[in-house]
Amino acid sequence: MEYKLSNTVSKDAFRYGYLVNRIAPFVKPFMGRIILNLLVAIPLGLLDGVVAFSIKPYMDLVINGNPTSTYTFMDQELQIQSSFAAIIPVAIVLFAIFQGILRYISYYLTTWTGNKISNLLKISLFEKLTTLDPQFYDVNSSGLVLTRFLSDPDAATKTIISTLNSFISTIFGIVGLVAVLLYNSWQLAIVGVTVMGLAITPVTFIRKKIKAVSNASMVVGGNMTTNFNETFAGNKIMTAYSLQQDQNNKFKKQIKDQFNLTMTLCKRVGWMSPIMYSICSVGIALVFWYGTHLILTGQLTAGSMMSFVTSLLLLYKPVKTLGNTLTSLQSTFVAMGRVFELFDLVPHIRNKENPIQLKGFDKEIHFNNISFEYEPDVPVLKNINLKVQKNETIALVGNSGGGKSTIVNLIPRFYDVKSGSIEFDGVDIRNFDLNSLRSNIAFVFQDNYLFSGTIRDNIMMGNKNATQADLDRVVKMAHLDEFIATLDDGLDTFVGERGTTLSGGQRQRVAIARAMLKDAPIVILDEATSALDNKSEAIVQKALDNLIANKTVFVIAHRLTTIKNAHRIAVINEGELAELGTHDELMQINNGKYRHLYEMQFKKQEEIC
């Protein structure tokens with residue numbers, strides 16, 4: 001399935017049965033409360049008809065009744081007019097109190113179940129998000145991912161219970177009021193119900209319009225979130241290059257786009273209400289005209305007429321509500337369609353059936369004629385052949401963009417080769433269980449990400465089962481001990497998002513300690529010291545030396561000392577393995593790539609040293 005989220009258009013938005021089946025597993029755990037809530041909605045709807053029904057006896061028996069008429073209750077003779085005059089107002093108040101209690105119960109149950117379903121959906125979506133491989137994050141903006149994985153679940157689930165509750169309440173409200181209409185006059189009921197049916201027909205024309213605007217709003221909302229994220233993360237670049245106005249203009253455009261979409265939906269949907277009002281007013285006029293005729297001919301009492309008109313006026317509210325409810329329900333299904341498109345995303349990198357558990361390797365890692373491309377027909381690596389022996393350190397050098405980082409990203413299967421294979425002792429890494437493969441590899445990158453939490457938390461990510469003695473050992477080996485000693489809370493010092501409260505060298509040493517604690521047989525160092533000053537680099541280099549002892553190491557470096565200490569150097573040029581050998585061997589090649597690189601970049605470092 002397409003990885004780029006902006007290409008998804010909620011194609012299943014009108015497949016209601018399909019969407020109900022997909023949402024069912026998330027609804028099922030809370031079915032008891034949902035059913036109770038929906039049952040509460042039935043009397044909530046029916047009680048609207050009680051008020052309208054009570055008007056007939058009130059008009060006929062109290063307003064127009066005979067004051068001498070009596071009836072017997074418990075051997076007591078009571079006047080009908082005075083009794084109903086007292087009972088009906090009290091009954092209406094009691095009904096209102098009862099209805100208020102039911103509304104509170106319904107509101108509480110709706111909020112509880114809606115949030116529970118939404119939370120369950122978000123947890124499942126987050127678990128899905130963590131299974132997706134780096135290519136997914138390469139092709140999607142952070143804002144779009146946040147919108148799709150956080151906002152859509154709310155839109156798809158928090159309103160679905162309240163919408164269904166409103167739908168059931170409205171339907172039974174309509175049923176109750178129509179029953180009152182039929183009770184009072186079946187002739188007038190035919191006129192009123194026919195008109196109400198005509199009033200609700202416009203709802204059927206707006207489904208696709210809602211879908212189109214909803215999808216466009218999702219994209220704009222994602223772009224706005226991305227703008228916020230970029231402004232936050234790139235605030236120094238923004239300030240250094242005076243980009244504030246550019247960011248402001250971008251955000252103003254996004255706000256304008258969002259406003260235009262909102263007004264587009266308003267124009268497409270807003271005409272329903274005046275049309276429904278107009279149609280209903282025609283119905284009410286017809287009812288008054290024909291009702292007057294029935295009263296004058298003795299076919300209808302004044303009380304029945306008043307009860308009928310009241311029912312008809314009350315009926316307009318649930319009919320209008322039904323239109324809004326169906327509109328809201330369609331928006332919910334659009335969001336639901338987008339949510340399940342996320343669940344249908346299939347990771348490109350995944351285990352094959354019955355994968356092999358990797359428990360290290362004995363001889364070599366073989367890059368067997370591998371080729372790779374990020375975009376179709378744009379090759380990044382071309383027919384790389386390379387054998388790396390166990391416990392060998394190999395340095396990858398070459399011009400920027402030549403494919404060095406891509407090679408090391410293929411080892412843990414962040415991406416898969418297009419052709420060829422990477423083999424551990426002759427076994428293709430695609431045959432290994434992904435978790436076991438990656439557990440055999442430790443990483444130190446140029447910009448190591450530290451998570452919000454303590455220094456201890458970030459180091460322990462390397463091995464959740466490590467002891468305090470293990471932790472103390474790697475802290476010392478990573479040359480973090482002196483720095484930790486200066487902190488009031490030591491290892492339990494909180495670091496901000498991305499570790500911004502630490503210096504670059506301190507972040508690198510935390511990352512090295514994390515890699516040490518993992519104690520994996522393969523270590524990948526991707527420009528691990530390139531962003532550091534000389535003093536920080538010297539300390540970090542000592543920590544790296546401790547990390548790579550007796551390991552198989554792939555190092556991408558621009559420092560000559562790191563390169564010369566490698567067992568062999570692989571020169572990667574425009575996606576090809578141009579040269580391979582030791583520093584001395586490569587320097588003997590006249591007009592060689594490495595020699596040229598040395599003359600241009602490394603010689604000055606050697607002279608300074």
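Positions are given from 1, in the same order as the sequence printed here.
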- request: Would you please say whether a donor-acceptor pair under 3.5 Å links the side chains of Tyr107 and Arg103?
  value: no
- request: Mind checking the CG-CD1 spacing from Leu450 to Ile455? Nearest 0.5 Å is all I need.
  value: 9.0 Å
- request: Carefully, step by step, assess Asp154 and Leu150 under the rule side chain to side chain contact (heavy atoms under 4.5 Å, CB included).
  value: CA-CA 7 Å; Asp154 279 342; Leu150 283 178; over 6 Å; no
task: Look at atom CZ of Phe126 and say whether more than 12 heavy atoms of other residues, nucleotides or ligands are closer to it than 6.0 Å.
output: no
task: Kindly indicate whether the side chain of Tyr108, heavy atoms from C-beta on, has any atom under 4.5 Å from the side chain of Arg33.
output: yes
statement: The salt bridge (charged side-chain N to carboxylate O under 4.0 Å, His left out) partners of Arg413 (sequence neighbours excluded) come to Asp416
Residue pair Arg350 / Thr131, side-chain heavy-atom distance below 4.5 Å: no
field: Asp457 versus Thr454, side-chain donor and acceptor atoms under 3.5 Å
entry: yes
message: Going by salt bridge (charged side-chain N to carboxylate O under 4.0 Å, His left out), name the residues that satisfy it together with Lys250, two or more places apart in sequence or in a different chain.
response: Glu230
task: Please name all residues satisfying salt bridge (charged side-chain N to carboxylate O under 4.0 Å, His left out) with Lys253, sequence neighbours left out, ordered by chain then number.
output: Asp257
query: What are the two closest non-hydrogen atoms of Pro153 and Leu125, and how far apart are they?
result: CG-CD1, 3.3 Å
query: Would you say the side chain of Arg22 lies within less than 4.5 Å of the side chain of Asp344, judging by non-hydrogen atoms?
result: yes
query: Would Ile117 and Ile34 count as a side chain to side chain contact (heavy atoms under 4.5 Å, CB included) if you check the C-alpha gap in whole Å, the side-chain angles of each, and the deciding distance to 0.1 Å?
result: CA-CA 11 Å; Ile117 295 170; Ile34 291 171; 4.0 Å; yes
task: For Phe445 and Gln508, work out which heavy atoms get closest and say how close.
output: O-NE2, 3.1 Å
- request: Drop me the distance from Leu38's CG to Ile168's CD1, to the nearest 0.5 angstrom.
  value: 4.0 Å
Gap between atom OG of Ser124 and atom CG of Leu342 - 0.5 Å precision: 12.0 Å
task: Output the distance between atom CD1 (Ile35) and atom CZ (Phe30), rounded to the nearest 0.5 Å.
output: 14.0 Å
- prompt: What is the minimum heavy-atom distance between Val380 and Gly403, and which atoms define it?
  reply: CG1-CA, 4.4 Å
With Tyr374 via ring pair (Phe, Tyr, Trp, His ring centres under 6.0 Å) - residues at least two apart: Phe372, Tyr415
field: For Ser106 against Asn37, the heavy-atom pair lying closest together
entry: OG-OD1, 3.3 Å
query: Checking side chain to side chain contact (heavy atoms under 4.5 Å, CB included) for the pair Asn260/Lys256: CA distance, chi angles, key distance, verdict?
result: CA-CA 6 Å; Asn260 289 338; Lys256 183 179 178 182; 3.8 Å; yes
query: Say you draw a straight line from CG of Leu129 to CZ of Phe149; how long is it, rounded to the nearest 0.5 Å?
result: 4.5 Å
- prompt: Roughly how far, to the nearest 0.5 Å, is the CZ atom of Arg438 from the CZ atom of Phe414?
  reply: 6.5 Å
message: Give me the atom names and distance for the closest heavy-atom approach of Pro347 to Lys128.
response: CD-NZ, 4.2 Å
field: For the student: nearest non-hydrogen atoms of Asp133 and Ile349, plus distance
entry: OD2-N, 3.0 Å
Expected output: side-chain Asn458 to main-chain Ala511 donor-acceptor under 3.5 Å: no
message: Counting neighbours of OH on Tyr137 that are heavy atoms of other residues, nucleotides or ligands and sit closer than 6.0 Å, is the number greater than 12?
response: yes
Heavy-atom check, side chain of Val145 versus side chain of Phe136, under 4.5 Å: yes
task: State plainly whether the residues Asp526 and Lys404 are in salt-bridge range, i.e. N to O under 4.0 Å.
output: no
- line: Sequence neighbours excluded, the answer for ring pair (Phe, Tyr, Trp, His ring centres under 6.0 Å) partners of Phe340 is Phe343
task: With sequence neighbours left out, write down each residue that passes salt bridge (charged side-chain N to carboxylate O under 4.0 Å, His left out) with Lys418, or none if nothing qualifies.
output: Glu373
- request: May I ask you to check whether over 12 heavy atoms, not counting those of Gln299, lie within 6.0 Å of atom CD?
  value: yes
